[in-house]
Colleague: 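Following this message is one structure expressed as C-alpha coordinates.
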Amino acid sequence: MNKLIAEFIGTLTLVLFGCGAAVLGGEHVGQLGIALAFGFAIVAMAYGIGPVSGCHVNPAVSLGAFIAGRMNAKDMVSYWVAQVLGALAGALILMIIAGGADAGLGQNGWGPGYLGEYGLGQALVFEIVMTALFVIVILGSTGAGSSPGFAGLAIGITLAVIHIVGIQVTGVSVNPARSIGPAVFVGGQALAQLWLFIIAPAIGAVIGGLLFRLNVIKP
(Lines give C-alpha, C1' and ligand atoms only; values in the text may rest on other atoms or scores of the structure.)
Protein backbone atom coordinates (compact mmCIF):
# COMPACT_ATOMS: atom_id res chain seq x y z
CA MET A 1 0.00 0.00 0.00
CA ASN A 2 2.88 2.39 0.72
CA LYS A 3 4.11 1.88 -2.83
CA LEU A 4 0.69 2.63 -4.29
CA ILE A 5 0.27 5.77 -2.20
CA ALA A 6 3.72 6.88 -3.34
CA GLU A 7 2.80 6.30 -6.99
CA PHE A 8 -0.45 8.21 -6.50
CA ILE A 9 1.33 11.20 -4.97
CA GLY A 10 4.15 11.11 -7.51
CA THR A 11 1.84 11.09 -10.54
CA LEU A 12 -0.34 13.78 -8.98
CA THR A 13 2.76 15.94 -8.55
CA LEU A 14 3.97 15.36 -12.11
CA VAL A 15 0.64 16.44 -13.59
CA LEU A 16 0.18 19.36 -11.21
CA PHE A 17 3.69 20.74 -11.69
CA GLY A 18 4.17 19.96 -15.38
CA CYS A 19 0.71 20.73 -16.72
CA GLY A 20 0.40 23.50 -14.13
CA ALA A 21 3.45 25.23 -15.57
CA ALA A 22 1.83 25.11 -19.01
CA VAL A 23 -1.60 26.32 -17.87
CA LEU A 24 -0.71 28.82 -15.16
CA GLY A 25 2.72 30.02 -16.25
CA GLY A 26 3.18 29.08 -19.88
CA GLU A 27 3.04 32.66 -21.17
CA HIS A 28 5.79 33.65 -18.76
CA VAL A 29 8.16 30.67 -18.74
CA GLY A 30 7.72 29.46 -22.33
CA GLN A 31 8.41 26.00 -23.73
CA LEU A 32 11.74 25.69 -21.93
CA GLY A 33 10.16 26.51 -18.59
CA ILE A 34 7.40 23.96 -19.10
CA ALA A 35 9.95 21.32 -20.10
CA LEU A 36 12.01 22.02 -16.99
CA ALA A 37 8.89 21.84 -14.80
CA PHE A 38 8.20 18.30 -15.99
CA GLY A 39 11.86 17.34 -15.61
CA PHE A 40 12.29 18.89 -12.17
CA ALA A 41 9.06 17.27 -10.97
CA ILE A 42 10.50 13.87 -11.85
CA VAL A 43 13.82 14.66 -10.18
CA ALA A 44 12.02 15.73 -6.99
CA MET A 45 9.80 12.65 -6.93
CA ALA A 46 12.67 10.30 -7.79
CA TYR A 47 14.40 11.28 -4.58
CA GLY A 48 11.18 11.74 -2.61
CA ILE A 49 9.35 8.50 -3.39
CA GLY A 50 11.96 6.54 -5.34
CA PRO A 51 13.08 4.61 -2.25
CA VAL A 52 9.43 3.63 -1.62
CA SER A 53 8.04 2.65 -5.02
CA GLY A 54 10.81 3.23 -7.54
CA CYS A 55 9.00 6.39 -8.73
CA HIS A 56 7.49 4.98 -11.92
CA VAL A 57 4.63 7.55 -11.92
CA ASN A 58 3.96 6.36 -15.47
CA PRO A 59 2.13 3.25 -16.70
CA ALA A 60 4.59 2.98 -19.61
CA VAL A 61 7.51 2.79 -17.19
CA SER A 62 5.77 0.07 -15.20
CA LEU A 63 5.06 -1.82 -18.43
CA GLY A 64 8.69 -1.50 -19.46
CA ALA A 65 9.82 -2.79 -16.07
CA PHE A 66 7.43 -5.75 -16.41
CA ILE A 67 8.65 -6.59 -19.91
CA ALA A 68 12.25 -6.36 -18.70
CA GLY A 69 11.47 -8.85 -15.92
CA ARG A 70 11.80 -6.38 -13.07
CA MET A 71 8.15 -6.36 -12.01
CA ASN A 72 5.32 -8.87 -11.82
CA ALA A 73 1.96 -8.42 -13.54
CA LYS A 74 -0.04 -7.94 -10.33
CA ASP A 75 2.18 -5.12 -9.12
CA MET A 76 2.17 -3.54 -12.57
CA VAL A 77 -1.62 -3.37 -12.70
CA SER A 78 -1.77 -2.01 -9.15
CA TYR A 79 0.73 0.69 -10.12
CA TRP A 80 -1.38 1.54 -13.18
CA VAL A 81 -4.46 2.13 -11.03
CA ALA A 82 -2.56 4.32 -8.55
CA GLN A 83 -0.91 6.30 -11.36
CA VAL A 84 -4.15 7.02 -13.21
CA LEU A 85 -5.93 8.03 -10.02
CA GLY A 86 -3.00 10.30 -9.14
CA ALA A 87 -3.12 11.91 -12.58
CA LEU A 88 -6.86 12.50 -12.26
CA ALA A 89 -6.36 14.07 -8.84
CA GLY A 90 -3.57 16.30 -10.15
CA ALA A 91 -5.68 17.44 -13.10
CA LEU A 92 -8.66 18.10 -10.81
CA ILE A 93 -6.56 20.27 -8.49
CA LEU A 94 -5.19 22.16 -11.49
CA MET A 95 -8.69 22.67 -12.87
CA ILE A 96 -9.86 24.12 -9.55
CA ILE A 97 -6.88 26.50 -9.38
CA ALA A 98 -7.26 27.52 -13.04
CA GLY A 99 -10.97 28.17 -12.60
CA GLY A 100 -12.18 25.48 -14.96
CA ALA A 101 -11.11 23.37 -17.91
CA ASP A 102 -12.23 25.73 -20.69
CA ALA A 103 -8.72 26.99 -21.37
CA GLY A 104 -7.29 23.46 -21.29
CA LEU A 105 -5.31 21.58 -18.69
CA GLY A 106 -2.15 20.89 -20.63
CA GLN A 107 -3.83 18.05 -22.52
CA ASN A 108 -2.03 16.23 -25.29
CA GLY A 109 -3.08 16.29 -28.92
CA TRP A 110 -2.10 16.71 -32.56
CA GLY A 111 -3.43 18.08 -35.82
CA PRO A 112 -5.04 21.37 -36.89
CA GLY A 113 -5.48 23.83 -34.06
CA TYR A 114 -3.06 22.09 -31.71
CA LEU A 115 0.31 23.81 -31.14
CA GLY A 116 2.60 22.97 -34.11
CA GLU A 117 -0.26 21.22 -35.97
CA TYR A 118 1.76 18.06 -36.61
CA GLY A 119 -0.07 15.11 -38.15
CA LEU A 120 -1.20 11.79 -36.71
CA GLY A 121 1.75 9.85 -38.14
CA GLN A 122 4.27 12.32 -36.78
CA ALA A 123 2.64 12.25 -33.36
CA LEU A 124 2.62 8.44 -33.33
CA VAL A 125 6.29 8.15 -34.28
CA PHE A 126 7.32 10.81 -31.76
CA GLU A 127 5.51 9.17 -28.85
CA ILE A 128 6.75 5.66 -29.63
CA VAL A 129 10.39 6.65 -30.12
CA MET A 130 10.56 9.04 -27.17
CA THR A 131 8.87 6.61 -24.80
CA ALA A 132 11.28 3.86 -25.85
CA LEU A 133 14.26 6.13 -25.22
CA PHE A 134 12.80 7.30 -21.89
CA VAL A 135 12.28 3.72 -20.71
CA ILE A 136 15.80 2.77 -21.82
CA VAL A 137 17.25 5.59 -19.71
CA ILE A 138 15.15 4.59 -16.72
CA LEU A 139 15.96 0.88 -16.89
CA GLY A 140 19.62 1.56 -17.58
CA SER A 141 20.11 4.13 -14.83
CA THR A 142 18.40 1.97 -12.20
CA GLY A 143 19.81 -1.44 -13.20
CA ALA A 144 22.71 -3.47 -11.94
CA GLY A 145 26.01 -1.67 -12.23
CA SER A 146 24.40 1.75 -12.42
CA SER A 147 24.85 4.68 -10.04
CA PRO A 148 21.41 4.81 -8.39
CA GLY A 149 22.15 8.08 -6.62
CA PHE A 150 22.28 9.82 -9.98
CA ALA A 151 19.31 8.04 -11.58
CA GLY A 152 16.85 10.77 -10.66
CA LEU A 153 18.95 13.40 -12.41
CA ALA A 154 19.38 11.30 -15.55
CA ILE A 155 15.67 10.53 -15.75
CA GLY A 156 14.56 14.10 -15.05
CA ILE A 157 16.97 15.60 -17.57
CA THR A 158 15.82 13.10 -20.19
CA LEU A 159 12.17 14.00 -19.65
CA ALA A 160 12.99 17.71 -19.86
CA VAL A 161 14.87 17.24 -23.15
CA ILE A 162 12.00 15.19 -24.59
CA HIS A 163 9.69 18.09 -23.79
CA ILE A 164 12.05 20.66 -25.30
CA VAL A 165 12.04 18.64 -28.52
CA GLY A 166 8.41 17.65 -28.65
CA ILE A 167 6.02 20.03 -26.93
CA GLN A 168 5.03 21.46 -30.31
CA VAL A 169 4.39 17.95 -31.68
CA THR A 170 2.03 16.44 -29.10
CA GLY A 171 2.49 18.42 -25.91
CA VAL A 172 4.54 15.33 -24.93
CA SER A 173 2.92 12.41 -23.20
CA VAL A 174 5.30 9.40 -23.03
CA ASN A 175 2.99 8.66 -20.08
CA PRO A 176 -0.61 7.44 -20.48
CA ALA A 177 -1.61 8.58 -16.98
CA ARG A 178 -0.33 12.12 -17.62
CA SER A 179 -2.58 12.20 -20.72
CA ILE A 180 -5.62 10.58 -19.14
CA GLY A 181 -5.85 13.04 -16.23
CA PRO A 182 -6.31 16.27 -18.23
CA ALA A 183 -8.27 14.60 -21.08
CA VAL A 184 -10.99 13.31 -18.76
CA PHE A 185 -11.79 16.82 -17.53
CA VAL A 186 -11.25 18.68 -20.81
CA GLY A 187 -13.21 16.16 -22.89
CA GLY A 188 -13.89 16.78 -26.56
CA GLN A 189 -10.92 16.39 -28.88
CA ALA A 190 -8.54 15.71 -25.99
CA LEU A 191 -10.59 12.66 -25.05
CA ALA A 192 -11.11 11.59 -28.67
CA GLN A 193 -7.35 11.62 -29.30
CA LEU A 194 -6.45 9.95 -26.01
CA TRP A 195 -6.09 6.51 -27.61
CA LEU A 196 -2.78 7.52 -29.24
CA PHE A 197 -1.31 8.55 -25.89
CA ILE A 198 -2.11 5.14 -24.46
CA ILE A 199 -1.13 2.94 -27.40
CA ALA A 200 2.04 4.74 -28.57
CA PRO A 201 3.72 4.93 -25.12
CA ALA A 202 2.80 1.27 -24.56
CA ILE A 203 4.54 0.28 -27.81
CA GLY A 204 7.58 2.35 -26.89
CA ALA A 205 7.69 0.80 -23.42
CA VAL A 206 7.59 -2.71 -24.86
CA ILE A 207 10.45 -1.87 -27.21
CA GLY A 208 12.54 -0.43 -24.38
CA GLY A 209 11.75 -3.31 -22.03
CA LEU A 210 12.53 -5.97 -24.64
CA LEU A 211 15.98 -4.53 -25.29
CA PHE A 212 16.83 -5.31 -21.66
CA ARG A 213 14.86 -8.57 -21.50
CA LEU A 214 16.69 -9.95 -24.53
CA ASN A 215 20.05 -8.61 -23.31
CA VAL A 216 20.43 -6.42 -26.37
CA ILE A 217 21.29 -3.85 -23.73
CA LYS A 218 23.02 -5.49 -20.80
CA PRO A 219 22.81 -3.78 -17.39
Colleague: Do you know the tightest heavy-atom contact between V23 and G106?
Modeller: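 Looking at all heavy atoms of both residues, the closest pair is CG2-N, 3.5 Å.
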Colleague: By ring-ring contact (aromatic ring centres under 6.0 Å, His included), which residues pair with F134, not counting sequence neighbours?
Modeller: none
Colleague: State which residues pass side chain to side chain donor-acceptor pair (under 3.5 Å) with Q168; sequence neighbours excluded, sorted by chain then number.
Modeller: Q31
Colleague: Could you check whether any side-chain heavy atom of E117 comes within less than 4.5 Å of a side-chain heavy atom of W110, counting everything from C-beta outward?
Modeller: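 E117 does not reach W110 side chain to side chain.
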Colleague: Do I138 and F66 sit in the same hydrophobic cluster, where Ile, Leu, Val, Met, Phe, Trp and Tyr count as joined when their side-chain heavy atoms come under 4.5 Å apart?
Modeller: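 No, it is not one cluster - the side chains of I138 and F66 are not joined through contacts under 4.5 Å.
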Colleague: Mind running side chain to side chain contact (heavy atoms under 4.5 Å, CB included) on L63 and M76 for me, showing each step along the way?
Modeller: CA-CA 7 Å; L63 176 59; M76 177 182 68; 3.9 Å; yes
Colleague: Would you kindly check if the NZ (Lys) or CZ (Arg) of R70 is within the cone defined by 45 degrees around the ring axis of F212 and under 6.0 Å from the six-membered ring centre?
Modeller: yes
Colleague: Check side chain to side chain donor-acceptor pair (under 3.5 Å) between S179 and all other residues, then give those that pass, not counting sequence neighbours.
Modeller: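 S179 satisfies side chain to side chain donor-acceptor pair (under 3.5 Å) with N108, S173 once adjacent residues are dropped.
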Colleague: Please lay out, stage by stage, how T158 and L133 fare under the test side chain to side chain contact (heavy atoms under 4.5 Å, CB included).
Modeller: CA-CA 9 Å; T158 302; L133 293 175; 5.9 Å; no
Colleague: For A151 and T142, which heavy atoms make the closest approach, and how far apart are they?
Modeller: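 Distance-wise, the nearest heavy atoms are CB-CG2, 4.0 Å.
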Colleague: Do other residues, nucleotides or ligands put more than 12 heavy atoms under 6.0 Å from the CZ atom of F17?
Modeller: no
Colleague: Quick check: do L191 and V186 have side-chain heavy atoms less than 4.5 Å from each other?
Modeller: no
Colleague: Take L159 and V174, measure what side chain to side chain contact (heavy atoms under 4.5 Å, CB included) needs, and give me the verdict at the end.
Modeller: CA-CA 9 Å; L159 186 60; V174 300; 3.9 Å; yes
Colleague: For E127, give me all partners under side chain to side chain donor-acceptor pair (under 3.5 Å), at least two apart in sequence or on another chain.
Modeller: T170
Colleague: Just wondering, do N58 and T11 contact through their side chains at under 4.5 Å, heavy atoms?
Modeller: no
Colleague: Do the side chains of V135 and I128 join up, straight or via other hydrophobic residues, at under 4.5 Å, putting them in one cluster?
Modeller: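 Shared cluster, no.
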Colleague: On a heavy-atom basis, which atom in S62 and which in W80 lie closest, and how many Å separate them?
Modeller: CB-NE1, 3.9 Å
Colleague: Which residue pairs pass the ring-ring contact (aromatic ring centres under 6.0 Å, His included) test when at least one of the two sits in residues 165-184, sequence neighbours left out?
Modeller: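 Counting only pairs at least two positions apart or across chains, no ring-ring contact (aromatic ring centres under 6.0 Å, His included) contact touches residues 165-184.
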Colleague: List the steps and the verdict of side chain to side chain contact (heavy atoms under 4.5 Å, CB included) for S78 and E7.
Modeller: CA-CA 10 Å; S78 297; E7 287 296 307; over 6 Å; no
Colleague: Is there a side-chain contact between L85 and V81 in this structure, where contact means two heavy atoms from C-beta onward sitting under 4.5 Å apart?
Modeller: yes
Colleague: Run the side chain to side chain donor-acceptor pair (under 3.5 Å) test against Q122 and tell me which residues pass, sequence neighbours left out.
Modeller: none
Colleague: M71 versus Y79: any side-chain heavy-atom pair under 4.5 Å?
Modeller: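 Counting from C-beta outward, M71 and Y79 do come under 4.5 Å.
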Colleague: Report yes if the side chains of M130 and V165 come closer than 4.5 Å at any heavy-atom pair, otherwise no.
Modeller: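 In contact.
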Colleague: Is a side-chain N or O of Y47 found less than 3.5 angstrom from the main chain of G149, in a donor-acceptor match?
Modeller: yes
Colleague: So I67 and I207, do their side chains get closer than 4.5 Å, heavy atoms only?
Modeller: no
Colleague: Quick one: does N175's side chain have a donor or acceptor within less than 3.5 Å of a partner on V57's backbone?
Modeller: yes
Colleague: State, yes or no, whether a side-chain contact exists between I49 and C55 at a heavy-atom distance under 4.5 Å.
Modeller: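 They are in side-chain contact.
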